[in-house]
Number of protein chains: 2
Amino acid sequence: MARPRKPLLSRDRIVETARALVDSEGLDAVSTRRLAAELGVSGPSLYNHFRNKDEILEAVADTVSAKVDLSMFDAADGRDWRRALHDWALSYRAALTEHPHIVPVLARGPGRRPAGLRVADAVFGAMVRAGWPPAQATYIGALMRYFVTGSALGSFARGFVDDETAYDPADYPHLGQAHLLADHQEKVDEGAFETGLRALLDGLGVQYEAGRYASERAGSGAGGFATVRPAPKLP
Amino acid sequence: MARPRKPLLSRDRIVETARALVDSEGLDAVSTRRLAAELGVSGPSLYNHFRNKDEILEAVADTVSAKVDLSMFDAADGRDWRRALHDWALSYRAALTEHPHIVPVLARGPGRRPAGLRVADAVFGAMVRAGWPPAQATYIGALMRYFVTGSALGSFARGFVDDETAYDPADYPHLGQAHLLADHQEKVDEGAFETGLRALLDGLGVQYEAGRYASERAGSGAGGFATVRPAPKLP
DNA sequence: ACCTGAACACCGTTCAAGT
DNA sequence: ACCTGAACACCGTTCAAGT
């Protein structure tokens, strides 16, 4: 066949097929040969569109980052940085839980993925507008990413394992049998995520007040958050 | 040669050699053939001691978990749960930063690794003794793991990339050039970790007070933490 | 029990050849 | 420019054979 008059492949088609394969069969199922077969071409064809396999996986990860809602950051009145962060974290986590198998790729950082960088940029900009100093704004973007990706990673794969013999109660006196159950594990993940997110936002509120970062909007006194209160209820 | 009178291999020797290889050349360098060569045997020999390669990597990950200090949990007076959690998080992170290449394996959860389970058990037990309800104690162990492993994962590999052309300021108006520098990245990781850890502990303090979990030690009033104060200074 | 070589069914990537 | 088959240098794992 050699070269067809109309290209068989495109970057988009490759990425879309790779994403479907990752979602349905996991990262390990994506070999260049398997992916090519799925596309109806031979393995080496992919190298006309991507430098290597890793670049394909990075592109897949970026389509997931692109699903993260960022609208709360430009909508927001600066005083609402906690709510914006909260809503963003939910959207971020939702994107990852929809595509759990690509999380290991996403978790290693934004790298050079455009959508990943766009996320980092949006969070940073919103925090600075809310009054956070640039260094702190950078930290917030990073630490939120740590928490959300860490939770998405730790949740799937096999947080705990489905084999009763793995956990001798003599060895782990506090670990109940309940830890074995997969649906219990899912509830733990949700509870831990909600609890951690709330704690992070409350704790950042403490630092925000201590630094009086809201001063330019509410005079030099205690502006913004008058008292530390629990974060908004999670839906 | 066939079978020698004294075994050439042992689980410990395999794990130790694998750990050294992971540390010096990364996860990808560990193939069964390469590891076997390092040990002076042929590839299939490893299968006399481990069921498969993944089991070897799990064992390596467990030696890293085993380095996490847990003494602060049984030493602690229950009121000091925040300090214990803080010190533990530092020790946890230190263990991971010493062996960054194995973090992806560790990050997927305790699985059936004994040392990983011992860690989960210790945190849970200490939080319950401090007055946290069991469900919350479980959440705390999980969310701390999310944060620490997420930060260790996001830090290495390539949080950002060392190539100026990757970041067009027109695309990411808030991302400065400084993001490119590797040593700047390291400072960001440390700052983000400290900030996030402090926020988590402060935020958990808010929830602890709101739930009055300390009541059995200080009467049914506001015991334990009278006010929300910043977490102890990080060294 | 513990190691070996041979073998199976794969990999990612390069490259000359084809249109 | 874009696809192909052949080839290179690898993989993880199984298994019969050896002691």
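Every chain is numbered from 1 and lettered A, B, ... according to where its sequence line falls, protein lines coming before strand lines.
- If you take CG of Asn48(B) and P of dG5(C), they are 14 Å apart, rounded to a whole angstrom.
- For the pair Arg34(A) and Glu25(A), the salt-bridge criterion is met [side-chain N within less than 4.0 Å of a carboxylate O].
- Residues Phe147(B) and Phe193(B) place their aromatic rings such that the two centres sit under 6.0 Å apart.
- Nearest to the side chain of Pro4(A), among dC2(D), dG5(C), dC15(C), sits dC2(D).
- Separating the CG atom of Leu46(B) from the C1' atom of dC3(C) is a distance of 11 Å, rounded to the nearest angstrom.
- Note on Ser31(B): only backbone sugar-phosphate atoms sit closer than 4.0 angstrom, heavy atoms only; bases stay farther off.
- To the nearest angstrom, C1' of dT13(D) lies 14 Å from CZ of Arg51(B).
- Taking atom CZ of residue Arg3(B) and atom C1' of nucleotide dT4(C), one finds them 14 Å apart after rounding to whole Å.
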inquiry  = Using side chain to side chain donor-acceptor pair (under 3.5 Å), reason through Thr63(B) and Arg19(B) one step at a time and then give a plain yes or no.
reply    = CA-CA 9 Å; Thr63(B) 65; Arg19(B) 195 196 51 66; 4.9 Å; no

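- Nucleotide dA1(C) has dT19(D) as its partner under the Watson-Crick or G-U criteria, with both atom distances under 3.5 Å.
- Atom NE2 in His49(B) sits roughly 13 Å away from atom C1' in dT4(C) (whole-Å rounding).
- If you take OH of Tyr47(A) and P of dA1(D), they are 20 Å apart, rounded to a whole angstrom.
- Of the nucleotides present, dG12(D) is the one that pairs with dC8(C) by Watson-Crick or G-U wobble criteria, both distances under 3.5 Å.
- In this structure, the CG atom of Leu35(B) is 16 Å from the C1' atom of dC10(D), given to the nearest Å.
- Side-chain N/O atoms of Thr32(A) include none lying less than 4.0 angstrom from OP1 or OP2 on dT13(C).
- At the heavy-atom level, Arg33(A) lies under 4.0 Å from base atoms of the strands shown.
- Under the 6.0 Å distance and 45° angle rule, Arg11(B) counts as a cation-pi partner of Phe50(B).
- Per the geometry, CG belonging to Leu8(A) stands 17 Å off P belonging to dA1(D), to the nearest Å.
- Contact check, Ser42(B) against dT4(C): a side-chain N or O comes under 4.0 Å of OP1 or OP2.
- The nucleotide whose nearest atom lies closest to any side-chain atom of Ser45(A) is, among dT4(D), dC2(C), dG5(C), dT4(D).
- Each of Val41(A) and Val30(B) was matched to the nucleotide of DNA chain D holding its nearest heavy atom; the match closer to the 5' end belongs to Val41(A).
- Counting only heavy atoms from C-beta outward, the side chains of Asp12(B) and Ser10(B) approach each other to under 4.5 Å.
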